[in-house]
S.K.: 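First, the structure itself, so that you have it in front of you.
Owing to the predicted nature of the structure, the values given are computational and were not obtained by experimental measurement. Residues take their numbers from the sequence shown, with the count starting at 1.
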Amino acid sequence: KKRTKKSPRHQADLFKRIARTSWRKPKGIDGRVRRRFKGAIPMPSIGYGSDKKTRNVHPNGFKSVVVNNVSELEMLMMHNRTYAATIGHSVSTRGRQEIINRAEQLAIRVTNAAARLRAEEDA
């Protein structure tokens, strides 16, 4: 990765209402950042992009795919070395359990497998 830092928005340090990381291109006629003066914050450009091979790759070495049901999980069957499943936010506990069981059979990694699982002792 070349640059992992987010670009700060121009004059975000002066105003509380301006979010620090929501980049907007400066368009003023006298803007130091737009004219790329020395000492001004660097503007994001295409050259800061990641290498194609490592773009969107998580530290665990997989690319992430959001999965909401078992049939969506089946699509990752042949790509279980490159893609990992992430169970969607709105999936129920029972649906999560079905997805995790099927992912184990297909040898697909699930990034948030431990989320929202009830203890079996309660039943």
Side-chain angles (χ1 to χ4, degrees):
K1 291 183 185 273
K2 278 191 282 192
R3 182 183 170 96
T4 52
K5 274 199 314 193
K6 296 268 191 201
S7 296
R9 188 165 162 185
H10 181 43
Q11 291 188 336
D13 53 339
L14 303 182
F15 303 102
K16 203 169 188 177
R17 64 182 176 269
I18 298 178
R20 186 128 177 84
T21 56
S22 64
W23 173 255
R24 299 288 187 277
K25 186 171 168 57
K27 297 200 168 74
I29 54 170
D30 294 329
R32 295 162 60 241
V33 175
R34 182 188 59 80
R35 296 196 289 173
R36 297 201 165 98
F37 281 9
K38 191 163 51 175
I41 59 169
M43 268 207 290
S45 61
I46 200 69
Y48 284 119
S50 298
D51 185 15
K52 230 179 204 174
K53 286 193 228 55
T54 58
R55 191 179 302 153
N56 301 323
V57 176
H58 287 266
N60 62 11
F62 290 92
K63 292 182 178 179
S64 186
V65 175
V66 178
V67 169
N68 289 308
N69 53 43
V70 177
S71 62
E72 287 181 10
L73 187 74
E74 308 280 338
M75 291 191 299
L76 301 178
M77 195 187 312
M78 302 302 290
H79 307 287
N80 60 359
R81 293 211 187 281
T82 51
Y83 290 97
T86 303
I87 301 173
H89 165 76
S90 59
V91 180
S92 66
T93 306
R94 195 177 73 194
R96 282 170 193 273
Q97 196 61 57
E98 290 169 8
I99 289 171
I100 291 167
N101 292 340
R102 186 65 179 137
E104 244 172 62
Q105 294 166 1
L106 299 174
I108 297 171
R109 179 184 284 221
V110 180
T111 56
N112 56 350
R116 233 199 301 167
L117 287 180
R118 270 195 310 244
E120 293 298 317
E121 298 89 51
D122 296 346

S.K.: Determine, using the 4.5 Å side-chain heavy-atom cutoff (strictly less than), whether Met75 and Met78 are members of one ILVMFWY cluster.
M.R.: no
S.K.: In sequence, state the C-alpha distance, the side-chain angles, and the governing distance for Val67 and Leu76, and then conclude on side-chain contact (heavy atoms from CB on, under 4.5 Å).
M.R.: CA-CA 10 Å; Val67 169; Leu76 301 178; 4.2 Å; yes
S.K.: Is there a side-chain contact (heavy atoms from CB on, under 4.5 Å) between Arg109 and Asn60? Walk through the geometry before answering.
M.R.: CA-CA 10 Å; Arg109 179 184 284 221; Asn60 62 11; 3.6 Å; yes
S.K.: How long is the span from the CD atom in Gln105 to the CD1 atom in Ile100, to the nearest 0.5 Å?
M.R.: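 Interatomic distance, Gln105 CD to Ile100 CD1, rounded to 0.5 Å: 12.5 Å.
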S.K.: CG/Asn56 to OG1/Thr54 distance, rounded to the nearest 0.5 angstrom?
M.R.: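 Output value for this atom pair is 9.0 Å.
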S.K.: Which atoms form the tightest heavy-atom contact between Pro8 and Ile41, and what is the distance?
M.R.: O-CD1, 3.2 Å
S.K.: Is a side-chain donor or acceptor of Asn112 paired with a backbone partner of Ile87 at a separation under 3.5 angstrom?
M.R.: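 Yes, because the side chain of Asn112 sits within donor-acceptor range (under 3.5 Å) of the backbone of Ile87.
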S.K.: Heavy atoms only: give me the nearest Ala19-Ala12 pair and the separation to one decimal.
M.R.: O-CB, 3.9 Å
S.K.: Which heavy atom of Ser71 sits nearest to which heavy atom of Asn69, and what is that distance?
M.R.: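 Looks like OG-OD1, 2.9 Å.
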S.K.: Is Met77 reachable from Val110 through a run of hydrophobic residues whose side-chain heavy atoms are each under 4.5 Å from the next?
M.R.: yes
S.K.: Are Ile108 and Phe62 connected in a single hydrophobic cluster, I mean Ile/Leu/Val/Met/Phe/Trp/Tyr linked by side-chain heavy atoms less than 4.5 Å apart?
M.R.: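 Per the 4.5 Å side-chain linkage, Phe62 and Ile108 are not co-clustered.
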S.K.: Nearest 0.5 Å, please: how far is CD in Gln97 from OG in Ser92?
M.R.: 10.5 Å
S.K.: Pairs in or reaching into residues 22-44: which pass side-chain hydrogen bond (donor to acceptor under 3.5 Å, both in side chains), with residues at least two apart or in two chains?
M.R.: Arg9-Ser22
S.K.: If we ignore hydrogens and angles and just use 3.5 Å, is the side chain of Arg96 paired with the main-chain N or O of Gly88 as donor and acceptor?
M.R.: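 A pair under 3.5 Å: yes.
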S.K.: Establish whether Val33 and Tyr48 are linked, either directly or via other cluster members, by ILVMFWY side-chain heavy-atom contacts under 4.5 Å.
M.R.: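 Each belongs to a different hydrophobic cluster.
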S.K.: Sort and list the pairs that fulfil salt bridge (Lys or Arg N to Asp or Glu O under 4.0 Å) and have at least one residue in residues 48-77, not counting sequence neighbours.
M.R.: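 Qualifying pairs, neighbours excluded: Asp51-Lys53, Glu74-Arg102.
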S.K.: Quick check: do Pro26 and Gln11 have side-chain heavy atoms less than 4.5 Å from each other?
M.R.: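 Of all side-chain heavy-atom pairs linking Gln11 with Pro26, none is under 4.5 Å.
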S.K.: Any chain of hydrophobic side-chain contacts (each under 4.5 Å) joining Leu73 to Val66?
M.R.: no
